[in-house]
Amino acid sequence: MSANALASARRVVVKIGSALLVDRKAGLKQDWLAALVDDIAGLIEGGAEVLVVSSGAIALGRTVLGLKGAQLKLEESQAAASVGQIALASAWSRELGRHELVSGQILVTLGDTEERRRYLNVRATVSTLLKMKAVPVINENDTVATSEIRYGDNDRLAARVATMMGADLLILLSDVDGLYTAPPETDRNASFIPHVEQITPDIEAMAGLARSELSRGGMRTKLDAGKIATAAGTAMIIASGTRLNPLAAIRAGERFTHFAPAPNPVKGYKTWIAGNLEPAGRLVVDPGAETALLSGKSLLPAGIRQVSGAFSRGDTVAIVAQDGREIARGLVAYDAPDAVKIAGLKTSAIADVLGYEARGAMVHRDDLVMSRTAGKLKAGE
Ligand code: GLU
């Protein structure tokens, strides 16, 4: 069933981890890239649209610059990204060009997807590229992104791009072939999981914190990516890219983990809310509010037990149950100081406390997206 996910996908985002593209000593792995691009050209030939999220700028740049040492300083990795990105983009352009495919480079920072207006701009440009049959090659703009406001890993960036573009499949190629019941490098009894219907806390507990030397994302960021993707109706595959022609291998049925898309995915505007990467605050709510939210109501101040974070009106906040489960995300209608003042109050008391006539809901239902763990107790309870 899931091998066909690639055969039937019309719009596919392929994310390539740094360790696949770049060898610490030899630099860019030309043969590997050429074979991958053969696969991509095959998908396009078959009628699919393909978007590439390519890591490797920092890894390639540090090789070109001869930077040694395990950990680079921030300014060194930004300089390395600058040198590496230009080489990376030209390699993609050259390889896609062999198949008479045109490529377009897109470098994004976190704000480009988290701010609604910029998100729509990026989406419009990428749509135009796809209409022109160009292959978008996307990476984080590491050279200008500062540490507090960055994706930091291309797994989540790729999920954000996939959902922004309404892709039906996201493929994460890395040096692991999928999800195991425990990190396989530390647990010899770990067994492989070919299919995940839903990313529950039990599944998340399997990820551990493993990271490979060259890339920033581990299994945890891959599962974060999976939550963003599947909630918006994009299936996800984690597959090994350590062999040549990894996409052909997926089609041939080599093993990988497939994550099913949500049966009732969020749509349009709500996709943007649900995929927001860094909520600016948290609202802890009581069980009555959770029940109300589940029945499609807005979040009123009365059900809020605790407010944290320095958010402003219009920012995304996480709505959390008292047991810590995230139950929804939404755009908050008040600045944090006012939200603190009115938390727990009846709607009729709000105007007196704030000194102005305000809207009733803390998060309006039109600006709210339920999480798949809403209404379910924590594992083991
Ligand atoms: N944007 C980084 C780069 O191109 C990669 C981030 C990641 O490894 O996920 O080097």
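All ligand and atom numbering here is 1-based and tracks the order in the structure. We use all heavy atoms of the structure for the numbers below, so side chains are in, but hydrogens, waters and symmetry mates are not.
- Counting atoms of ligand 1 from 1 in the listed order, those under 4.0 Å from a heavy atom of Asp142 are 1 (N), 2 (C), 3 (C), 4 (O).
- Checked for salt-bridge contact, Arg156 and Glu140 miss the test: no charged N lies under 4.0 Å from a carboxylate O.
- Checked by atom type and distance alone, the side chain of Thr63 pairs as donor or acceptor with a backbone atom of Ala59 at under 3.5 Å.
- The distance criterion of under 3.5 Å between nitrogen or oxygen atoms is not met by Lys15 with respect to ligand 1.
- Polar contact check, Ala57 against ligand 1: a nitrogen or oxygen pair lies under 3.5 Å apart.
- Side-chain atoms of Asp155 never come within 3.5 Å of backbone atoms of Ala225 as a donor-acceptor pair (strictly under, hydrogens ignored).
- Using a 4.0 Å cut-off between heavy atoms, Asn139 contacts ligand 1 through its side chain alone, with no backbone atom that close.
- Neither side chain, Asp224 nor Thr221, offers a donor N or O lying under 3.5 Å from an acceptor on the other.
- Looking at Asn154 next to ligand 1, an N or O pair under 3.5 Å apart turns up.
- With a 6.0 Å radius and a threshold of 12 heavy atoms from other residues, nucleotides or ligands, Arg11 has its CZ atom above the threshold.
- The residues Asp177 and Arg255 are annotated as salt-bridged, a charged nitrogen and a carboxylate oxygen being separated by less than 4.0 angstrom.
- Not a single heavy atom of Ala81 lies less than 4.0 angstrom from ligand 1.
- Heavy-atom neighbours of Glu100 CD from other residues, nucleotides or ligands within 6.0 Å: at or below the threshold of 12.
- Within ligand 1, counting atoms from 1 as listed, the ones closer than 4.0 Å to a heavy atom of Gly56 are 3 (C), 4 (O), 10 (O).
- The atoms of ligand 1 that sit less than 4.0 Å from any heavy atom of Ser55 are 4 (O), 5 (C), 7 (C), 8 (O), 9 (O).
- With a 4.0 Å heavy-atom cut-off, ligand 1 is reached by the backbone of Ile58 and by its side chain too.
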